[in-house]
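Start at 1 and go down the list; that is how both ligands and their atoms are numbered.
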Amino acid sequence: MAYKIAIIVGSLRKDSINRRVARSICGLRGDNLDCSMIEIGDLPLYNQDLDSSPPEQWVRFREQIAAADGVLFCSPEYNRGIPGVLKNAIDVGSRPYGQSVFDKKPAAIVTASPGSIGGFGANHQIRQACVFLNMPVMQQPEAYLGHVSDDSFDNSGRLKDGPLKEIITKLAHAFHDWVQMIHESRRLLAEDSAHAAKQQKHA
Ligand SMILES: Cc1cc2nc3c(=O)[nH]c(=O)nc-3n(C[C@H](O)[C@H](O)[C@H](O)COP(=O)(O)O)c2cc1C
């Protein structure tokens with residue numbers, strides 16, 4: 001079964017390495033991950049005053065996330081943290097209070113950088129927000145992708161064969177299995193509860 005995955009890229013740059021990594025993940029599991037890139041560059045800055053009459057871009061973004069089976073974050077690190085544009089998107093999706101569209105969505109976090117520590121700081125800041133937002137985040141493989149550059153990709157923007165592609169392939173498979181496990185467990189639990197309720201009724 002193909003799961004609907006909302007991909008949120010924390011970079012607005014046309015030639016973003018993170019966008020290209022995200023596309024490669026979709027390409028590697030195209031049969032099982034039905035991926036959509038979710039636009040975040042047009043989201044007005046979150047302002048709680050607008051909760052009662054939200055801008056149309058917020059509404060569109062929230063609907064897109066709500067329709068997904070899982071969320072994949074692919075982001076650069078800016079000054080050892082989450083790029084502002086991504087934090088804004090997370091804040092927009094998390095509100096109004098009690099109506100977060102991220103609630104319970106399985107997630108994975110990938111950070112890519114030309115630097116050697118692969119966006120570790122941003123990766124864990126995103127993870128921290130996901131924990132608060134009640135998103136089951138895939139634990140392994142962790143993906144702090146260092147030394148990623150234009151040279152990591154071929155002319156069509158896909159990852160060249162090599163260790164980076166191997167890591168990304170493992171991650172793409174693990175993310176599919178993670179999303180499947182979360183949804184299957186919930187389905188079985190719901191079945192069990194329905195069965196138990198039925199038995200109680202007939203007792
Ligand atoms: C404002 C800014 C801050 C940055 N800070 C970091 C940083 O803390 N760590 C890091 O590894 N790279 C940092 N970089 C370099 C980015 O990793 C690099 O530009 C990368 O290509 C951005 O990702 P993208 O190609 O997906 O847009 C920074 C870049 C910018 C523009």
Note, Ile40 side chain near Asn88 side chain (heavy atom, < 4.5 Å):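 No; the side chains remain at least 4.5 Å from each other.
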
Check: Thr169 and His173 side chains under 4.5 Å, non-hydrogen atoms: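 The answer is yes, as the side chains (C-beta and beyond) meet within the 4.5 Å cut-off.
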
Fellow cluster residues of Phe120, listed by chain then number, with links counted only when side-chain atoms sit under 4.5 Å apart: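 ILVMFWY cluster around Phe120 also holds Tyr144.
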
Ion pair check, Glu191 and Arg187, cut-off under 4.0 Å: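 Counted as a salt bridge, because a side-chain N and a carboxylate O are separated by less than 4.0 Å.
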
Which residues share a side chain to side chain donor-acceptor pair (under 3.5 Å) with Glu39, sequence neighbours left out: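 Residues passing side chain to side chain donor-acceptor pair (under 3.5 Å) with Glu39: none at all.
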
Sub-4.0 Å heavy-atom environment of ligand 1, residues by chain: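 Contacts of ligand 1 under 4.0 Å: Ser11, Arg13, Ser16, Ile17, Asn18, Pro76, Glu77, Tyr78, Asn79, Arg80, Ser113, Pro114.
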
Trp178: partners by ring-ring contact (aromatic ring centres under 6.0 Å, His included), with sequence neighbours left out: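 Residues passing ring-ring contact (aromatic ring centres under 6.0 Å, His included) with Trp178: none at all.
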
